[in-house]
Amino acid sequence: MRVCGTIAEVRAVLAGEPEVGFVPTMGALHAGHVALVQKCREECKKTAVSIFVNPTQFAPGEDLDKYPRRTESDLELCESNGADVVFLPTVDEMYRGSLTTVHVTGPSELWEGAERPGHFDGVATVVLKLFHIVQPVRAYFGLKDLQQCAVLRQMVKDLDLAIGLRFVETVRDEFGLALSSRNDYLSSSVRLEASNLHRCLQACREALLRQPNNVKSIIQEGRSTLVHQGFGVSYLALVDPVSMQEEAPARTGLRLIVAARFHGVRLIDNIAL
Ligand code: PAF
């Protein structure tokens with residue numbers, strides 16, 4: 001496995017490789033990332049992973065400084081899961097003198113976009129830069145960040161990028177909590193309680209399948225349950241995963257999305273209907 005710190009180095013290592021698959025990450029890797037690497041290895045000749053805590057996707061006051069960083073064990077995990085190349089740039093390497101931002105409208109506007117100003121500009125900009133650096137044929141993202149998937153799908157379409165996006169279903173712990181690097185902030189007993197978020201999504205899904213025309217009251221009930229369980233709910237909604245607009249009545253293809261604060265940590269999750 002080659003570890004590259006500079007853009008020139010990673011370009012040189014990947015030059016002439018015909019079928020590079022790419023897994024962009026912010027490190028603190030877990031089984032969700034491993035699932036992306038495995039899928040990439042199944043479908044591509046070479047697997048490149050980037051590890052870069054991208055400062056431009058954190059709003060002022062967010063957790064940029066305390067975001068978990070554990071490069072050594074991340075590299076071990078990449079190596080043991082068969083990654084061929086890891087790109088590990090510094091902030092300076094990525095952004096020195098940079099004056100350009102990618103802004104995707106449409107699917108970026110509601111939900112995370114409304115609550116975290118500038119977040120999706122940061123994501124789209126860094127992912128486009130990484131795509132130009134790595135030049136993959138396919139790139140792999142976790143569906144846990146559903147809105148990120150929608151924003152990147154729109155960007156790839158609008159900018160005519162010849163890159164196939166693959167979205168991989170969320171990996172959960174034994175209690176159902178969606179794996180996330182930010183779960184590091186929660187103790188194990190709090191994680192167990194936090195898995196109520198997933199149970200709420202499942203209960204809403206069952207109710208919506210029974211009563212597809214009752215979206216409003218089912219969502220309202222789901223919200224109240226979460227509030228009773230101590231969650232500070234930002235949103236719970238039934239959306240189209242491409243436009244990220246709210247939809248009713250319930251039908252297959254839609255997804256239930258949720259964001260809530262629990263013990264000071266903001267959690268997001270979603271499930272397919
Ligand atoms: O999903 C993430 O970890 C990040 O948003 C990404 C896509 C690596 C961009 O920094």
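Note that the coordinates shown come from a computational prediction; the quantities given were computed from them, not determined experimentally. As the structure lists them, so they are numbered: ligands from 1, and atoms in each ligand from 1. Below, each value reflects all heavy atoms present in this structure, side chains not excepted, and no hydrogens, waters or symmetry copies.
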Please indicate whether any nitrogen or oxygen in Q57 is less than 3.5 Å from any nitrogen or oxygen in ligand 1.
-> yes
With atoms numbered from 1 as shown, which atoms in ligand 1 lie under 4.0 angstrom from a non-hydrogen atom of P24?
-> 8 (C)
Go through ligand 1 atom by atom and flag the ones less than 4.0 Å from a non-hydrogen atom of V126.
-> 9 (C), 10 (O)
Is the shortest side-chain N to carboxylate O distance from E169 to K39 below 4.0 Å?
-> no
Which heavy atom of the protein is the closest neighbour of atom 5 (O) of ligand 1, given with residue, atom name and distance?
-> Q148 OE1, 2.7 Å
About how many Å separate CD of Q229 and CG of N196, when rounded to the nearest 0.5 Å?
-> 4.0 Å
Could you tell me whether D184 and K66 make a salt bridge, using a distance below 4.0 angstrom between a side-chain N and a carboxylate O?
-> no
Ion pair present between R182 and D63, side-chain N to carboxylate O less than 4.0 angstrom?
-> yes
